[in-house]
K.L.:
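The structure follows.
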Amino acid sequence: MPLSPRSLRAFRRNLLAWFRANRREHPWRRDRDHYRVWLAEVMLQQTRIAAVIPYYEKFLARFPDVQTLADAAEHDVLRLWAGLGYYSRARNLQRAAREMVKRHGGKFPSDFDAALALPGIGRYTAAAVLSIAFDAPHAVLDGNVARVLARLDAVRGDLRAPQRWKKLEATAQALLAREAPGDWNQALMELGETICTPKSPRCGECPVSRWCEARKRGLVDSIPAPRKKPAGVKQRIAAAVLLDPRGRTLLVRDPGSHDGVLFSRMWQFPAVEFAKNPAAALADHLRGELRFDPPPLVELPHAKHGVTFRNITLVPFCGRVAALPVRPRSRRLPLAEIAGAAVSSATKKIARAALHHAK
DNA sequence: AAGGCGGGGAT
DNA sequence: ATCCCAGCCTT
């Protein structure tokens, strides 16, 4: 979009005016505190606003500042993150908080490269926090902005291809309204989210449609090009909910050589992928991994669980035992407490089925 | 450059 | 059912 300086000024003016008139209130927009902006940006990585809001509120209430987060136990951090997904974000968030306390005076560093060096902070998040919290002149490029810029310039091809993404970053930086970097970045993102949507964009309401090359050429529906999608994999997983007389169940972590049947780094029920006979596969698994001779197992109603490119059918089994096996990397927990534990949503689905059955 | 990592809302 | 989201990290 080779814009004349005058046209560029008008472009910026239109979009900023639109944003300031239509800006939505979000919990993280109540102020521009570096901690709260950072927390929101990490939660928003690949995660929709509506999904983030309740997690943000609860997390902030429990960990109101960098120091509190740095002092917390990782397990408690994960517990409040449970269900939001991409759990390495929570671990990295806390590691970064400890870095900030140790090396940056308990604050989010105001230097871009120092921010980038923190765990869980990539180019997007560094630019977002620095621009919004500190008015530093760094343009963000996320999925929304990429789509908007690609349409403005009629960019063909997969936007996520590293080469093309780099060029889009340069475009974003050139367009940045340096007198209001935070508002500018948020304006572009919000435009992409509410007007310049992936499907059926509302060009009639777009404050910058007169600069849009895709619209001019009738390419709005073919830009961005569809992303190359990894083939979806169907998986069937049998999971064991063992119950002792006190209503406690067994959770494991890093289940053996199986590359994390569900979520390798979270507590979960003993589980195994199966082809034909789930009960037999699960019994074998329990004998092999836990050295435990399973009781009669009752098959519970199946549950669906979609995760990234996997489409999982969960087949829960429930069995009562006199005593739970004691193994390394395992813990016992009342089944009723799983709902509030640091476990994934899949694990909570299984727990719910078992709880319903046990009653 | 490619693959792994969660989960759910919109279409 | 499919898409893709205020991405990051490792290989």
Side-chain angles (χ1 to χ4, degrees), chain A residues 24 26-29 37-56 78 81-93 95-96 115-133 138-148 158-166 169 172 182 184-194 196-201 221 224-234 259-266 268 303-312 314 342-349:
Chain A
R24 294 173 303 169
H26 295 313
W28 46 88
R29 284 185 174 165
V37 171
W38 166 48
L39 174 62
E41 291 302 339
V42 172
M43 285 190 163
L44 286 163
Q45 288 167 5
Q46 292 291 286
T47 311
R48 294 177 184 284
I49 288 170
V52 165
I53 289 174
Y55 285 87
Y56 176 84
L78 282 172
W81 205 277
L84 194 56
Y86 286 136
Y87 300 103
S88 64
R89 290 185 296 177
R91 298 188 179 93
N92 286 334
L93 189 80
R95 286 170 53 208
L116 211 50
L118 293 168
I121 308 292
R123 301 182 61 77
Y124 165 79
T125 308
V129 177
L130 292 188
S131 64
I132 296 169
H138 300 281
V140 300
L141 185 67
D142 71 336
N144 285 316
V145 176
R147 183 174 58 256
V148 170
D158 179 5
L159 305 187
R160 300 277 176 171
Q163 286 281 66
R164 198 163 283 112
W165 196 260
K166 275 289 172 198
E169 280 182 334
W184 177 257
N185 283 330
Q186 295 181 86
L188 270 175
M189 291 191 277
E190 198 145 325
L191 183 73
E193 191 194 319
T194 62
C196 195
T197 49
K199 287 175 188 165
S200 321
D221 291 324
R227 247 206 283 187
K228 288 184 257 305
K229 52 194 170 202
V233 178
K234 286 188 180 126
D259 46 330
V261 168
L262 286 179
F263 310 103
S264 58
R265 300 181 60 195
M266 299 289 277
Q268 58 194 283
K304 294 290 183 187
H305 186 69
V307 29
T308 327
F309 67 98
R310 292 191 291 174
N311 206 319
I312 301 172
L314 296 170
V343 301
S344 75
S345 292
T347 300
K348 290 189 181 183
K349 284 179 191 171

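In what follows, chains are A, B, ... by sequence order, proteins preceding strands, each numbered from 1.
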K.L.:
Choosing from B:dG7, C:dC5, C:dA6, which nucleotide comes nearest the side chain of A:Q186?
P.N.:
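So the side chain of A:Q186 is nearest to C:dA6.
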K.L.:
With a 4.0 Å cut-off on heavy atoms, is A:E193 in touch with a base, just the backbone sugar-phosphate, or nothing at all?
P.N.:
base
K.L.:
Whole Å only: how far is the CH2 atom of A:W38 from the P atom of C:dA6?
P.N.:
21 Å
K.L.:
The side chain of A:Y124 is closest to which nucleotide in this list: C:dG7, B:dG6, B:dG8?
P.N.:
C:dG7
K.L.:
Separation of A:R91 atom CZ from C:dC9 atom P, in whole Å?
P.N.:
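Taking atom P of C:dC9 as the reference, CZ of A:R91 is at 14 Å.
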K.L.:
Reckon A:Y86 has a side-chain N or O less than 4.0 Å from the OP1 or OP2 of B:dG4?
P.N.:
no
K.L.:
Answer yes when A:E193 and A:R147 have at least one side-chain N-carboxylate O distance shorter than 4.0 Å, and no when they do not.
P.N.:
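Answer for the salt bridge query: no.
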K.L.:
On DNA chain C, compare the nucleotides closest to A:L118 and A:K199; which residue's is nearer the 5' end?
P.N.:
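Closest to the 5' end, via its nearest nucleotide, is A:K199.
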K.L.:
Could you tell me the separation between the CZ atom of A:R24 and the P atom of C:dA6, rounded to a whole number of Å?
P.N.:
9 Å
K.L.:
Taking the side chain as C-beta and beyond, is there a heavy-atom pair between A:L314 and A:I312 under 4.5 Å?
P.N.:
yes
K.L.:
Looking only at the side chain of A:P162 (C-beta and beyond, no hydrogens), which of the listed nucleotides B:dG6, C:dC9, B:dA1 gets closest?
P.N.:
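The answer is B:dA1.
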K.L.:
Nearest of C:dC9, C:dC5, B:dG8 to any side-chain atom of A:Q46?
P.N.:
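Shortest atom-to-atom distance from the side chain points to C:dC5.
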K.L.:
Answer with base, sugar-phosphate or nothing: what part of the nucleic acid does A:G306 contact at a heavy-atom distance below 4.0 Å?
P.N.:
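Since a base atom lies under 4.0 Å of A:G306, the category is base.
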K.L.:
Quick one: is A:R89 getting a side-chain N or O under 4.0 Å of the B:dG7 phosphate, OP1 or OP2?
P.N.:
no
K.L.:
Between atom CG in A:D142 and atom C1' in C:dC5, what is the gap in whole Å?
P.N.:
9 Å
K.L.:
Describe the nucleic acid contact of A:S200 in one word from base, sugar-phosphate, nothing, applying a heavy-atom distance below 4.0 Å.
P.N.:
nothing
K.L.:
Respond yes when some side-chain nitrogen or oxygen of A:S88 is under 4.0 Å from OP1 or OP2 of C:dC8, and no when none is.
P.N.:
no
K.L.:
Please pick, from C:dA6, B:dC5, C:dC5, the nucleotide with the shortest atom-to-atom distance to any side-chain atom of A:R227.
P.N.:
C:dC5
K.L.:
Counting only side-chain heavy atoms from C-beta out, which of C:dC8, B:dG8, B:dG6 sits nearest to A:T47?
P.N.:
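Given the options C:dC8, B:dG8, B:dG6, the side chain of A:T47 is closest to B:dG6.
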K.L.:
On a heavy-atom basis, which atom in A:A115 and which in A:A126 lie closest, and how many Å separate them?
P.N.:
CB-CB, 4.1 Å
K.L.:
C:dC5, C:dC8, B:dG8: which one has an atom nearest the side-chain heavy atoms of A:S345?
P.N.:
B:dG8
K.L.:
State which of B:dG7, B:dC5, C:dA6 makes the closest approach to the side chain of A:W28.
P.N.:
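The closest nucleotide is C:dA6.
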K.L.:
What integer distance in Å separates A:N185:CG from C:dG7:P?
P.N.:
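Between P of C:dG7 and CG of A:N185: 13 Å.
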K.L.:
Quick one: do A:V233 and A:N311 satisfy side chain to side chain contact (heavy atoms under 4.5 Å, CB included)? Show the steps, please.
P.N.:
CA-CA 6 Å; A:V233 178; A:N311 206 319; over 6 Å; no
K.L.:
C:dA6, C:dC5, B:dG7: which one has an atom nearest the side-chain heavy atoms of A:H305?
P.N.:
B:dG7
K.L.:
Quick one: A:W81 CH2 to B:dG8 C1', roughly how many Å, whole number?
P.N.:
16 Å
K.L.:
Please step through side-chain hydrogen bond (donor to acceptor under 3.5 Å, both in side chains) for the pair A:E41 and A:Y124, ending with a clear verdict.
P.N.:
CA-CA 9 Å; A:E41 291 302 339; A:Y124 165 79; 2.6 Å; yes
K.L.:
Distance check needed: B:dA1 C1' versus A:Q163 CD, whole Å only.
P.N.:
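Value for this atom pair: 10 Å.
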K.L.:
For a quick test of reading the model: is some side-chain N or O of A:R147 closer than 4.0 Å to OP1 or OP2 of C:dC5?
P.N.:
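Yes, because at least one side-chain N or O of A:R147 sits under 4.0 Å from OP1 or OP2 of C:dC5.
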